[in-house]
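Encoded as structure tokens, the structure appears first; notes follow it.
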Amino acid sequence: MKYFIGIDIGSTCSKTVVMDENKNLIHKLLMPTGWSSIDTAENILKALNENGISAEESAIVATGYGRVSVPYADKSVTEITCHAKGACFLSGSDDVFAIDIGGQDTKIISIENGAVSDFLMNDKCSAGTGRFLEIMANTLSLRPEELCILAEKGSGVSISSMCTVFAESEVISLIGKGESRENIAFAVVDSIVKKVSSQAKRLSIGGRPVYLTGGLCEFDFLIRSLSDELGLKVKSSPDARFAGAIGAALSAFKVKK
């Protein structure tokens with residue numbers, strides 16, 4: 001059997017998916033990117049071999065921050081294109097408004113008839129990204145998932161700074177004032193939601209379904225808060241963190257070997 005493999009080496013986490021000839025997802029792999037994308041690519045290759053998936057007999061497309069570090073890939077494709085394809089695949093629609101909250105950036109992608117019609121990318125500051133959430137969670141001695149669960153129990157506190165460094169100082173100040181972790185956690189999630197929704201509103205959603213991809217796709221409270229802020233239902237799924245890799249795997253169907 002020939003396999004179609006998508007490898008998305010992100011700034012903090014790397015995702016790999018394997019599809020069969022019928023575009024069924026038959027294998028998924030998740031691992032930290034670490035300091036070397038080249039080492040990560042080699043670790044992915046080893047993991048594929050251990051699962052009986054031969055790179056030589058597969059069509060492989062790489063995407064993401066470290067896409068040029070995958071020497072055995074047949075092709076590399078930009079993450080905007082791959083996330084768009086992945087969002088269409090997961091949502092079941094060719095007209096989608098995709099929001100990808102990554103480790104170091106946030107991508108807003110407008111998709112019409114299965115193609116990218118417009119996009120925005122926040123890559124100058126980590127505010128509103130997974131890294132922002134991770135830093136704030138560490139400051140509160142929590143894991144990111146714990147922070148999002150606590151946030152649902154909080155209210156009434158906000159973080160005014162859009163800069164991660166200054167926002168962290170605000171959190172430390174709130175801790176010093178004796179504010180509850182629940183309320184501070186609420187403020188962190190609220191800050192991410194407001195930042196992301198502000199970006200999203202710069203593009204026209206136009207009645208299309210809004211689909212969230214990236215590492216925060218499993219945080220229900222964040223998804224509900226984003227829905228409230230946008231005034232639209234935001235959908236997602238656990239596989240949405242693999243959207244880039246899924247899009248790369250779909251691109252692999254066009255690779256000629």
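What's counted below: heavy atoms across the whole structure, side chains too, no hydrogens, waters or symmetry copies.
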Should [X] and [Y] count as side-chain neighbours, where that means a heavy-atom distance under 4.5 Å?
X    : Y    : value
K46  : N49  : no
L25  : F242 : no
V188 : F132 : yes
E21  : K2   : yes
T139 : I184 : no
L142 : R181 : yes
S204 : D118 : no
L150 : E146 : no

Problem - Sequence-distant partners of S160, side chain to side chain donor-acceptor pair (under 3.5 Å), two or more places apart - result: E170

Nearest heavy-atom pair of [X] and [Y]: which atoms, and what distance?
X    : Y    : value
A187 : V157 : CB-O, 3.4 Å
I246 : G86  : CG2-CA, 4.1 Å
Y3   : I53  : CD1-CG2, 3.8 Å
V96  : Y211 : CG1-CB, 3.8 Å
V116 : A84  : CG2-CB, 3.6 Å
C217 : S237 : SG-O, 3.3 Å

same_hphob_cluster([X], [Y]) at 4.5 Å side-chain heavy-atom cutoff:
X    : Y    : result
I159 : L226 : yes
L30  : V17  : yes
V189 : I149 : no
M31  : Y72  : yes
I7   : I26  : yes

Could you give the distance from [atom1] ([X]) to [atom2] ([Y]), rounded to the nearest 0.5 Å?
X    : Y    : atom1 : atom2 : answer
C82  : L250 : SG    : CG    : 8.5 Å
I111 : D95  : CD1   : CG    : 9.0 Å
H83  : C88  : NE2   : SG    : 13.0 Å
K195 : T106 : NZ    : OG1   : 8.0 Å
T213 : I101 : OG1   : CD1   : 8.5 Å
E182 : L147 : CD    : CG    : 10.5 Å

Problem - Stacked cation flag K153 on F186, 6.0 angstrom / 45 deg - result: no

Handout entry: Pairing of D228 and R224 as salt bridge, 4.0 angstrom limit
Key = no

Give a yes or no on whether the backbone of [Y] and the side-chain of [X] come within a donor-acceptor separation of less than 3.5 Å.
X    : Y    : value
N183 : S155 : yes
D20  : N22  : yes
S58  : I60  : no
S197 : K194 : yes
D74  : V61  : no

Would you say [X] has more than 12 foreign heavy atoms packed within less than 6.0 Å of its [atom1]?
X    : atom1 : value
K254 : NZ    : no
F89  : CZ    : yes
F119 : CZ    : no
I172 : CD1   : yes

Handout entry: Full working for salt bridge (Lys or Arg N to Asp or Glu O under 4.0 Å) between R241 and D239
Key = CA-CA 5 Å; R241 71 183 308 162; D239 281 343; over 6 Å; no

Exercise for the section: Verify side chain to side chain contact (heavy atoms under 4.5 Å, CB included) between I80 and K107, making sure each step is shown before the conclusion. Expected result: CA-CA 8 Å; I80 296 296; K107 306 173 192 70; 3.7 Å; yes

Side-chain atoms of residues 8-15: list all donor-acceptor pairs with protein atoms under 3.5 Å, sequence neighbours left out, distances to 0.1 Å.
residue: S14; atom: OG; partner: T33; partner atom: OG1; Å: 2.8
residue: K15; atom: NZ; partner: C13; partner atom: O; Å: 3.1

Exercise for the section: Please test T63 against E79 for side-chain hydrogen bond (donor to acceptor under 3.5 Å, both in side chains), starting from the C-alpha separation and ending with a verdict. Expected result: CA-CA 5 Å; T63 191; E79 52 262 54; 4.6 Å; no

Exercise for the section: Start with the C-alpha distance between S251 and K85, add both sets of side-chain angles, then the distance that settles side chain to side chain contact (heavy atoms under 4.5 Å, CB included), and finish with yes or no. Expected result: CA-CA 8 Å; S251 297; K85 286 180 179 290; 3.5 Å; yes

Exercise for the section: Can you sort out the partners of E145 under salt bridge (Lys or Arg N to Asp or Glu O under 4.0 Å), two or more places apart, ordered by chain and number? Expected result: R143

Exercise for the section: For S110 and R208, run side-chain hydrogen bond (donor to acceptor under 3.5 Å, both in side chains): C-alpha distance rounded to whole Å, both residues' side-chain angles, the deciding distance at 0.1 Å, then the answer. Expected result: CA-CA 9 Å; S110 177; R208 284 164 293 165; 2.7 Å; yes

Practice task
Before giving the answer on side-chain hydrogen bond (donor to acceptor under 3.5 Å, both in side chains), spell out for S37 and T40 the whole-Å C-alpha distance, their side-chain angles and the decisive distance to 0.1 Å.
Solution key: CA-CA 5 Å; S37 297; T40 301; 5.7 Å; no

Exercise for the section: For side chain to side chain contact (heavy atoms under 4.5 Å, CB included), just list the numbers for E168 and V171, CA-CA rounded to whole Å, side-chain angles, deciding distance to a tenth of an Å, and then say yes or no. Expected result: CA-CA 5 Å; E168 184 179 16; V171 168; 5.5 Å; no

Problem - Evaluation steps, side chain to side chain contact (heavy atoms under 4.5 Å, CB included), between N24 and M19 - result: CA-CA 5 Å; N24 296 309; M19 286 185 169; over 6 Å; no

